[in-house]
Structures are given as C-alpha cells and as structure tokens.
Amino acid sequence: MAIPPFGLEGLLVLPPRCRAVIVFAHGSGSSRNSPRNKHVAAALQRAGFGTLLFDLLTEAESSSRDNVFDIDLLAERLTLATEWLGRRMERIAPRIGYFGASTGAAAALVAAAQPDCAVQAIVSRGGRPDLAGAALPHVTAPTLLIIGGLDREVLALNRQAMAHMRCKATLQIVPGATHLFEEAGTLEQVIGHASTWFSHYLLQSEAADVSGQD
C-alpha cells in the first residue's frame, strides 16, 4: 500500500479484534524490508498486535544521505503515517505504539513529543535517543530503551538521553548482544521485552481505562 501524501510504501497487518497497532520506524540505510523489524513485527502479530512497517522516505529521497539522517524529516513522516493510520482505523480507534531502531528511535521520540501525538508506548531497539535532542523532555509516552550489552558507545548515549527524559523510561540491557542483536537468542530477548512493554502500556492500560469508566 502507499501512504499519502508522499506515496510511502508500507505494509499494514491487522489481526482479528485488533486493539493496538505498533508503527515501526527503521534505522538509517534500512527500509520496511528490514529483516529484524519484520521478525519483531511477526512476533508481535502472533501476540495480537497490528503492525505497520513503512518506508520513511521515497526511493528518490533515500538516495540522499542528508535525508537519511534528517531526524526532523523522519519524525514528520512518522507523524503523517500515524495520522493516516488513525483515519483509516477511525471506527476501531486502536491504541498506538512506536518501535524504533537506530535513528528511527530518535524520529519516534521527536514525533511522540508533539502535543497532539496519539502514541501511548515506545520501544527503542539499539536506538539513538540522543539524536532526539530538545524533544526528549517533552515525550510523555512510557519508553523502553533496549541496548546490547556489548554496544557500549550506544549504551552510554542512551544513558545520557535518559537523563533528559521526564516520562516513564527504562533501560533494558541484553547481555552479550552487539548493536544489531545478531547473536543467537538476543533478538528473541528484544521481542520478549517489547511484547511485555506494549502489552502493559497498550493492552492492560486499555483494560484499566475501561474498568475506570464502569
């Protein structure tokens, strides 16, 4: 499918009785076809979540390195995709989470910092939240930062970024994992942590909201 207004290529998968959708923001040099994000998305689908994987840039735009690392531009595209998703699923009104990787995590945080953003939970995999800069204190959605234990430089950057965040923020270290979580079993740990986070802040919190209205 093509997401307006720029015709960004995407894939939306909605399981039966979908109550929450996870929107993916891939890292620099990647796309909706990221094998790691597709693997995570498939696992989240089995857990009952809808998923949206899409290209943050058009094919022509992605050829420019400046665009690939333009966090504000990527965040704007993520915002547009989220608004499109809301219109498409208006009658269902699902709760929305962001799953960002590398620079995509920074874009997710910048988008989430906007006052009218509908996102209610964020997970970062090997992300660069430091690149979100001045947006960090304005993020309100509970945020989980998952980092490989051997990804020491990025781990330090995540700790620095957390110091500027005022929302519920947790750092989860996966022992023995490097930046891309290529080591055996490490991506499965990412999936487990992400699924638990999204279930708690999207599904369980939804049930609490409904109960509070009775």
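Only a predicted model underlies this, so the values are computations on that prediction, with no experimental measurement involved.
Counted by atom type alone, Thr82 and Tyr98 present one or more donor-acceptor pairs between their side chains at under 3.5 Å. Between the side chains of Glu76 and Thr79, no donor N or O sits under 3.5 Å from an acceptor N or O. Under the 3.5 Å distance criterion, with hydrogens and angles disregarded, no donor-acceptor pair is assigned to the side chains of His193 and Glu188.
Without hydrogens or angle criteria, Asp151 side chain to Ala177 main chain gives no donor-acceptor distance under 3.5 Å. Using a distance-only test at 3.5 Å, with no hydrogens or angles considered, a donor-acceptor pair links the side chain of Thr186 to the main chain of Glu183. Side chain of Thr143 to main chain of Ala141: a donor-acceptor pair is present (N/O by atom type, distance under 3.5 Å, no hydrogens or angles). In this structure a side-chain-to-backbone donor-acceptor pair under 3.5 Å is present from Glu61 to Thr58. No donor-acceptor pair closer than 3.5 Å links the side chain of Ser195 to the backbone N or O of Gly192. One N or O on the side chain of Arg36 and one on the backbone of Leu180 form a donor-acceptor pair closer than 3.5 Å. With hydrogens and angles disregarded, a donor-acceptor distance shorter than 3.5 Å links the side chain of Trp197 to the backbone of Pro142.
Within the structure, every pair that satisfies the salt bridge (charged side-chain N to carboxylate O under 4.0 Å, His left out) test and touches residues 122-134, not counting sequence neighbours, is listed here: Arg128-Asp130.
Contact between Asp55 and Ser31 at its shortest, heavy atoms only, is OD1-CB, 3.4 Å. Heavy-atom minimum distance, Ala194 versus Phe99: CB-CE1, 4.0 Å. Closest of all the heavy-atom pairs between Leu136 and Ala132 is CD2-CB, 3.8 Å. The shortest heavy-atom contact between Ser124 and Ala105 is OG-CB, 3.4 Å. Taking both residues in full, the closest heavy atoms of Leu202 and Ile96 are given as CD2-O, 3.7 Å, listed atom of the first, atom of the second, then distance.
Among Val154, Ile147, Leu145, Leu171, the one residue that satisfies the side-chain contact (heavy atoms from CB on, under 4.5 Å) test with Arg159 is Leu171.
Between Phe24 and Val40, the closest side-chain pair of non-hydrogen atoms falls below 4.5 Å. Under the 4.5 Å side-chain criterion, counting only non-hydrogen atoms from C-beta, Leu203 is not in contact with Phe198.
In Glu59, the CD atom is not crowded: 12 or fewer heavy atoms of neighbouring residues, nucleotides or ligands sit closer than 6.0 Å.
Relative to the ring axis of Phe6, Arg77 places its NZ or CZ within 45° and under 6.0 Å from the centre.
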